[in-house]
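Working notes, beginning with the structure itself.
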2 protein chains.
Amino acid sequence: MVEFQTPHLDAVFHALSDPTRRAILHRLTEGERTVSELATPFNMSLAGASKHIKVLEGAGLVRRHVQGRTHYCQLEAARLAEAQEWLRTYERFWTTRLDDLEAILREEDRALARSSEQSTSSPAKSDKTSRSTK
Amino acid sequence: MVEFQTPHLDAVFHALSDPTRRAILHRLTEGERTVSELATPFNMSLAGASKHIKVLEGAGLVRRHVQGRTHYCQLEAARLAEAQEWLRTYERFWTTRLDDLEAILREEDRALARSSEQSTSSPAKSDKTSRSTK
DNA sequence: AATATATTAAACCAAATGGTTGACTATCGA
DNA sequence: TCGATAGTCAACCATTTGGTTTAATATATT
């Protein structure tokens with residue numbers, strides 16, 4: 001009732017919830033790959049991998065074009081953009097946290113600076129996140 | 001086998017794959033809510049909603065503090081940041097600005113290819129974009 | 001003390017998921 | 001034409017999921 005209808009997101013997030021499928025997507029960033037090529041790295045039957053690919057296809061994350069007996073798969077990122085767009089709504093809820101963390105880290109940096117002169121100047125955002133997620 | 005272990009992402013993406021759970025998260029952006037408060041908008045038993053909340057909690061997206069008989073839920077966005085971070089890797093595949101840039105780089109590559117022969121046939125998208133994202 | 005409220009727990013159910021194997025289809029190469 | 005190759009399909013299986021209902025637990029309220 002209060003719901004937003006976002007049928008895509010269901011499928012996209014579900015597709016992304018499996019590590020095999022995420023790995024397949026990652027593999028496809030290197031370029032077009034056949035079904036067999038995508039399947040080989042996994043300790044899984046071809047049919048199994050094929051099913052994963054079909055899930056990705058169903059979620060609109062992979063496009064396929066058949067050439068003879070070979071099925072070429074290609075990353076289709078538009079739906080990933082939709083997912084990220086959804087997540088963007090929540091950005092403010094972690095950026096504020098990172099700002100808090102930044103304050104803490106700046107404090108630490110200040111402490112470190114007392115002994116040895118280091119890069120205390122500009123803590124780039126990437127720095128903060130890389131530290132926090134570790 | 002060849003893959004990275006990212007146990008969080010499994011749980012986070014799975015949690016996000018359900019519209020009820022996404023709605024709950026959205027609701028929590030307005031502030032702390034009790035389990036009953038979260039449950040009421042849905043045509044679902046309290047126990048059902050409670051289970052959804054537990055899934056979100058298990059994925060680290062919700063924190064709960066109990067006060068008497070009331071359970072207060074709170075959005076915990078850090079894991080959402082991890083999910084977005086994962087998606088960020090794929091940004092270059094949908095950002096049209098970068099696609100435009102890609103055309104420019106391809107032009108440069110063509111100029112370079114005149115002197116040194118490389119794999120111009122296969123679309124080594126990663127090569128082109130690695131330059132653009134830097 | 002008795003009762004209402006907030007919430008979880010447990011048992012159950014139908015459907016979906018992630019995987020298998022074996023058969024089938026189509027195409028490529030000799 | 002024959003056999004290998006690429007891939008799907010269908011049936012099957014165990015587990016998980018999303019939901020229910022009926023207790024059970026703990027805390028408020030009167």
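None of these values were measured; they are calculated from a predicted model. Chain A is the first sequence line, chain B the second, and so forth, proteins listed ahead of strands; every chain is numbered from 1.
As rounded to whole Å, 15 Å separates atom P of D:dT25 from atom NE2 of B:His71. Note: CD (A:Glu32) to P (D:dA6) measures 16 Å, nearest angstrom. Atom P of nucleotide C:dA16 and atom CG of A:Asp10 are separated by 13 Å, given to the nearest angstrom. The nearest whole Å value for the distance from the CD atom in B:Glu37 to the C1' atom in C:dT5 is 14 Å. One interatomic measurement links the two molecules: CD1 of A:Ile53 to P of D:dC9, which rounds to 13 Å at whole-angstrom precision.
Side-chain N or O atoms of B:Tyr90 include one that pairs as donor or acceptor with a backbone N or O of A:His26 at under 3.5 Å.
Residues passing the salt bridge (charged side-chain N to carboxylate O under 4.0 Å, His left out) test with A:Glu85 are A:Arg88, sequence neighbours excluded. Applying the side chain to side chain contact (heavy atoms under 4.5 Å, CB included) rule to A:Thr70 yields the partners A:Thr34, A:Tyr72; only residues at least two apart in sequence or on another chain are considered.
Legend: salt bridge (charged side-chain N to carboxylate O under 4.0 Å, His left out) pairs involving residues 66-81 of chain A, not counting sequence neighbours, sorted by first then second residue: A:Arg63-A:Glu76, A:Arg79-A:Glu82. Residue pairs satisfying the salt bridge (charged side-chain N to carboxylate O under 4.0 Å, His left out) criterion with at least one member in residues 26-46 of chain B, sequence neighbours excluded, are listed as follows: B:Glu30-B:Arg33.
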Please table the atom pairs, donor to acceptor, closer than 3.5 Å between any side-chain atom in residues 46-61 of chain B and protein atoms at least two apart or in another chain.
| residue | atom | partner | partner atom | Å |
| --- | --- | --- | --- | --- |
| B:His52 | ND1 | B:Arg21 | NH1 | 3.2 |
| B:Glu57 | OE1 | B:Arg64 | NE | 3.2 |
| B:Glu57 | OE1 | B:Arg64 | NH2 | 2.7 |
| B:Glu57 | OE2 | B:Arg64 | NE | 3.2 |

### Query
In the 5'-to-3' direction, what one-character label does each nucleotide of nucleotides 17-28 of chain C receive under the scheme B = base within less than 4.0 Å of a protein heavy atom, S = sugar-phosphate only, - = no such atom?
SSBBB-----BS
